[in-house]
Amino acid sequence: MYSEKVMDHFANPRNVGEIENPDGVGEVGNPVCGDIMRMYLKIEDNRIVDVKFKTFGCGAAIASSSMATELVKGKTLEEAWEISNKAVAEALEGLPPIKMHCSVLAEEAIHTAINDYRVKQGLPPWEEKSPHHHEGGEGCELPDE
Ligand code: FES
């Protein structure tokens, strides 16, 4: 059911932990399953130089956050903002359809952390392209806001 990549990132998640005095923090939760993800960013010259996460959630959520930290590390904020939940799932060599929403949590955690940083800098937060642009998956959908 799960790819080897998912199992690897679940069993050996990368970048677990916290950053002291982070430049941006994003905490998001899925109200349906109750899982929570927190992402910490260290930002220098508009670039993510370090990232750590803590996830209280299912295996797919842990694997997604681990992969998401690897994808955003070293990226500019603009590049990191463009990383979709689909890109996270593809980097994991796929997630079962009913687990796609777990990767949405990772995308949202990155976005929330970036906007936390922007607001702290006195900048306007970036807007989500569309609240429904997440791709793939059925069941356990995030409710409409
Ligand atoms: Fe809740 Fe995966 S994030 S089941």
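Counting starts at 1 for both ligands and their atoms, in listed order. All values below come from the heavy atoms of this structure, side chains included, with hydrogens, waters and symmetry mates left out. All of these numbers come straight from a predicted model, not from anything done at the bench. Start at 1 with the first residue, then count along the sequence.
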*Asks:* Using every non-hydrogen atom in the two residues, find where Glu127 and Trp81 come nearest and quote the distance to one decimal.
*Replies:*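 Heavy atoms only, the tightest pair is O-CZ2, 3.7 Å.
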*Asks:* Is a donor on one side and an acceptor on the other found under 3.5 Å between the side chain of Thr69 and the backbone of Lys52?
*Replies:* no
*Asks:* Which atoms of ligand 1 are found less than 4.0 Å from any heavy atom of Ala61?
*Replies:* 3 (S)
*Asks:* Should you measure from each heavy atom of Cys33, which atoms of ligand 1 turn up under 4.0 Å away?
*Replies:*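 So the atoms of ligand 1 that pass are 1 (Fe), 3 (S), 4 (S).
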*Asks:* Look at ligand 1 and say whether Met37 reaches it with a heavy atom at a distance under 4.0 Å.
*Replies:*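 No, Met37 has no heavy atoms under 4.0 Å from ligand 1.
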*Asks:* Classify the side-chain pair Glu108/Asn85 by whether it contains a donor and acceptor separated by less than 3.5 Å.
*Replies:*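 Asn85 and Glu108 do not have a side-chain donor-acceptor pair below 3.5 Å.
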*Asks:* Is the contact between Cys102 and ligand 1 made by the side chain, the backbone, both, or neither, using heavy atoms and a 4.0 Å cut-off?
*Replies:* both
*Asks:* Is a side-chain donor or acceptor of Arg38 paired with a backbone partner of Glu27 at a separation under 3.5 angstrom?
*Replies:*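 Checking the backbone N and O of Glu27 against the side chain of Arg38, no donor-acceptor pair under 3.5 Å is found.
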*Asks:* Would you mind naming the N, O or S atom of Asp35 nearest to atom 1 (Fe) of ligand 1?
*Replies:*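 Minimum-distance N/O/S atom of Asp35 relative to atom 1 (Fe) of ligand 1 is OD2.
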*Asks:* Could you list the atoms of ligand 1 found under 4.0 angstrom from a heavy atom of Cys58?
*Replies:*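 Answer for ligand 1: 2 (Fe), 3 (S), 4 (S).
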*Asks:* Closest approach of Phe53 and Arg14, non-hydrogen atoms and distance?
*Replies:*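 Nearest heavy atoms, Phe53 then Arg14: CE2-O, 3.0 Å.
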